[in-house]
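Below, chains carry the letters A, B, ... as their sequence lines are ordered, and counting in each starts from 1.
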Amino acid sequence: MTDTRTAASPAASPTPGGAAGSPRATPAPEEIADQAGAELAVRTKALTKRFRSGQVAVNGIDLQVPRGAVYGFLGPNGSGKTTTIRMLLGLIGPSSGQAWLLGRPMPAAGTDVLPRVGALIEGPAFHPWLSGRANLVRLDACDATAPPDRKGRIDEALERVGLGAAAHKKYRQYSLGMKQRLGLAAALLRPRELLVLDEPTNGLDPQGTREVRRLVGELAEAGTTVLVSSHLLAEIENVCTHVGIMSTGRLVLQGERTSLTSQSDRQLWVRTDAEHAAGAAQVLTTLGLTEVVTDGTELQALLGEISPADVTRALVTAGIPVLGLAERAPTLEDVFVRLTGEGFDVAR
Amino acid sequence: MSPAETATPTTAPRTGGGVRHLLGSELRLVFGRRRNVVLLLGLAAVPILLGVVIFITQDTVVGSQGPGFIGRVAGNGLFLVVAALFTCLPFLLPLTIGIVSGDAIAGEAATGTLRSLITVPVPRTRLLLVKAIVALCFAAAAVLTIAIVGLITGWVLFGISDLVLLSGDTITAGAGLFRVLGVAAYVAMSMSGLVMVGVLLSTLTETPVAAMAGTVTVAVVSAVLDSLPQLSAIHPGLLTHYWIDFAEFLRLEVDPAALAPGLLVQAAWVLLAGTIAWSRFTTADISS
């Protein structure tokens with residue numbers, strides 16, 4: 001998934017905690033188009049949402065989604081992803097900061113820009129007493145700028161998400177997976193330049209999840225920019241060209257996916273017996289491995305430039321029984337855990 | 001699905017067309033919903049039941065009893081329309097209207113479809129306008145249902161003859177029909193303030209039942225306040241105060257000046273509730 005599309009990225013380098021200390025920018029007049037961000041499908045500047053309760057759900061984030069990217073917007077439940085997406089789409093107003101979609105300011109330019117944006121926000125939502133198809137007809141009829149051939153477009157969207165056979169079933173009789181698919185179909189009712197998909201794999205079985213990944217891949221192939229959020233890192237990690245990771249309202253990490261994980265240090269995993277765990281940790285530290293963590297009989301450490309073969313030799317020389325040893329490429333989750341010091345699934 | 005294809009300016013403003021499309025879809029949604037059809041059928045049952053009961057008891061002593069309009073039904077089917085509207089006015093009509101207008105925005109919020117509509121995008125002012133228009137249409141349809149079913153039932157059971165007015169004067173059946181239609185039109189107009197109150201409450205909550213109950217409560221409280229002579233100072237401003245003025249159509253000369261206060265009070269409530277609803281809905285965070 002790392003093709004030429006990423007070349008235009010202005011966000012090529014990871015910016016851990018980049019948004020954290022930036023001062024609030026004075027909001028410019030709303031209708032000014034975003035000159036600098038013309039190459040960006042989504043851009044925010046110090047975007048902040050403070051709820052009336054005083055809770056800061058989104059804290060000064062600078063989102064940068066290049067055109068053509070598949071941007072994985074990741075973070076635990078409650079980290080501010082959905083609130084950010086709602087601000088991007090003009091459903092809620094930011095407390096401070098600005099947002100642009102396809103180079104136009106939101107929410108001011110919503111009427112012009114939203115027809116080019118397909119969205120699935122916080123799960124699918126339809127009238128339960130209408131059929132899946134009737135729900136799509138309703139949405140399309142509400143679209144003042146919808147292209148002609150409603151019937152053809154709706155049938156195509158339904159086929160695309162595999163709901164052709166269930167189109168006339170009442171929405172309330174749909175399974176969670178079918179509801180999610182109908183939500184995707186609604187986002188695909190007309191050609192879009194940008195798709196914003198909030199947790200599109202929620203409630204889908206592994207088969208459905210794979211299909212969503214395939215669909216996202218197809219759309220990206222055709223040139224559509226996709227912003228896809230998820231609280232399950234592993235689920236969408238592989239389809240993304242870019243990644244932004246939220247934690248407690250802040251964007252702690254953003255950039256090209258490959259550069260985020262490959263340049264981060266490789267990890268080493270060792271298993272020995274309980275007696276020798278401490279000794280093994282000693283050997284690893286002496287060798288120059290960092291962040292050595294012992295968990296019972298298992299150890300983890302960052303390899304740095306050291307080769308696993310050298311580690312094996314050193315351990316054996318020190319008389320430590322090596323029951324298992326492996327090198328792992330770091331996953332996004334490892335990167336996240338290292339940056340925030342907490343498990344990915346831990347909500348606040 | 002290529003960006004080049006989508007870059008064509010398909011987004012030229014077509015406000016008029018936008019309202020028309022949305023209005024059609026909204027009318028289908030509201031009038032096609034089974035719950036709403038059942039509400040209308042319920043109202044249609046009122047003149048039928050009323051007519052049948054009067055028909056059965058008309059030769060008995062009980063038959064000649066009852067308030068003004070009801071006593072006259074047996075003599076002329078036209079009066080069944082007036083009697084049925086009079087029966088529905090205090091509670092059944094406000095209930096029906098409360099359910100549909102309270103559902104306007106809150107119902108979409110509860111199903112989550114409000115966020116889909118806003119991101120389609122449907123401009124918020126346009127959405128509110130169309131929701132209000134359709135709620136008004138439903139209120140008119142509710143009154144019309146009672147009137148038409150009342151007219152048919154009255155004609156079948158009692159026949160339609162020259163109309164004896166409240167003053168004792170008699171006008172032809174044709175002229176009488178116009179008078180009865182005037183009654184229905186006035187009752188329908190009298191509902192507009194309550195409809196708008198319902199739409200307003202509907203923008204304040206994500207729970208449709210709360211907006212529905214609130215709307216009915218407003219009508220009931222207004223009627224209670226209207227019945228307290230100590231509060232006569234505020235009576236002219238009450239939503240329900242002039243509801244009964246439809247009787248003006250049954251006098252010898254219909255005096256427009258006598259109908260004006262009721263219509264003005266309704267217009268004031270529509271304006272007030274509509275303005276608050278608009279200022280609230282166009283700025284509110286949609287987090288449902």
Side-chain angles (χ1 to χ4, degrees), chain A residues 49 51-52 67-68 82-83 86-93 107 109-130 134-135 137-147 171 183 186-194 196 218-219 221-225, chain B residues 1-30 32-38 103 107-127 130-131 206 281-288:
Chain A
K49 182 65 185 183
F51 285 118
R52 224 173 290 166
R67 281 192 192 250
T82 297
T83 305
R86 282 179 181 274
M87 282 193 279
L88 288 178
L89 296 170
L91 287 168
I92 63 181
T111 313
D112 292 335
V113 81
L114 285 178
R116 293 183 278 151
V117 180
L120 171 66
I121 313 147
E122 224 186 351
F126 295 97
H127 295 294
W129 70 91
L130 293 179
N135 267 299
V137 169
R138 152 84 174 156
L139 274 182
D140 200 65
C142 295
D143 187 349
T145 62
Y171 178 72
L188 299 175
L189 274 180
R190 52 188 287 185
R192 313 283 193 183
E193 286 173 56
L194 170 67
V196 179
E218 264 177 38
L219 292 162
E221 204 82 353
T224 309
T225 311
Chain B
M1 213 13 114
S2 78
E5 184 183 323
T6 59
T8 51
T10 53
T11 56
R14 284 199 291 140
T15 315
V19 170
R20 233 182 2 259
H21 275 113
L22 191 58
L23 196 58
S25 171
E26 197 61 38
L27 284 169
R28 269 193 301 280
L29 192 72
V30 168
R33 187 169 180 183
R34 198 186 327 170
R35 182 198 68 191
N36 296 346
V37 173
V38 168
D103 201 39
E108 299 275 5
T111 54
T113 43
L114 185 56
R115 59 177 187 257
S116 314
L117 288 177
I118 300 295
T119 53
V120 155
V122 179
R124 295 191 190 197
T125 304
R126 186 188 302 172
L127 182 59
V130 168
K131 286 281 183 190
E206 287 166 17
F281 185 60
T282 49
T283 54
D285 278 354
I286 293 169
S287 50
S288 59

The side-chain contact (heavy atoms from CB on, under 4.5 Å) partners of Ala141(A) (sequence neighbours excluded) come to Arg150(A), Ser25(B)
What pairs with Thr119(B) under side-chain contact (heavy atoms from CB on, under 4.5 Å), at least two apart in sequence or on another chain? Leu89(A), Leu91(A), Ile121(A)
Leading residue by heavy atom contact count with chain A [cutoff under 4.5 Å; candidates [options]]:
options                                    : result
Arg34(B), Glu108(B), Arg28(B)              : Glu108(B)
Val122(B), Thr111(B), Val130(B), Leu114(B) : Thr111(B)
Val120(B), Thr283(B), Leu127(B)            : Val120(B)

Interface moiety of Ala284(B) toward chain A, non-hydrogen atoms closer than 4.5 Å: backbone
Is chain A contacted by the side chain of Arg33(B), its backbone, both, or neither, given a heavy-atom distance below 4.5 Å? both
Side chain / backbone / both / neither for [X] at chain B, heavy atoms under 4.5 Å:
X         : result
Arg86(A)  : side chain
Leu120(A) : neither
Pro124(A) : backbone

Based on non-hydrogen pairs under 4.5 Å, which of Gly183(A), Pro128(A), Gly123(A), Ala119(A) is most in contact with chain B? Gly123(A)
Do Glu26(B) and Val30(B) have side-chain heavy atoms sitting under 4.5 Å apart? yes
Heavy-atom closest contact (Gly90(A) atom, Arg124(B) atom, distance): O-NH2, 3.1 Å
Backbone of [Y] reached by a side-chain donor or acceptor of [X] within 3.5 Å:
X         : Y         : result
Arg115(B) : Glu122(A) : yes
Arg192(A) : Thr224(A) : no
Thr113(B) : Ala125(A) : no

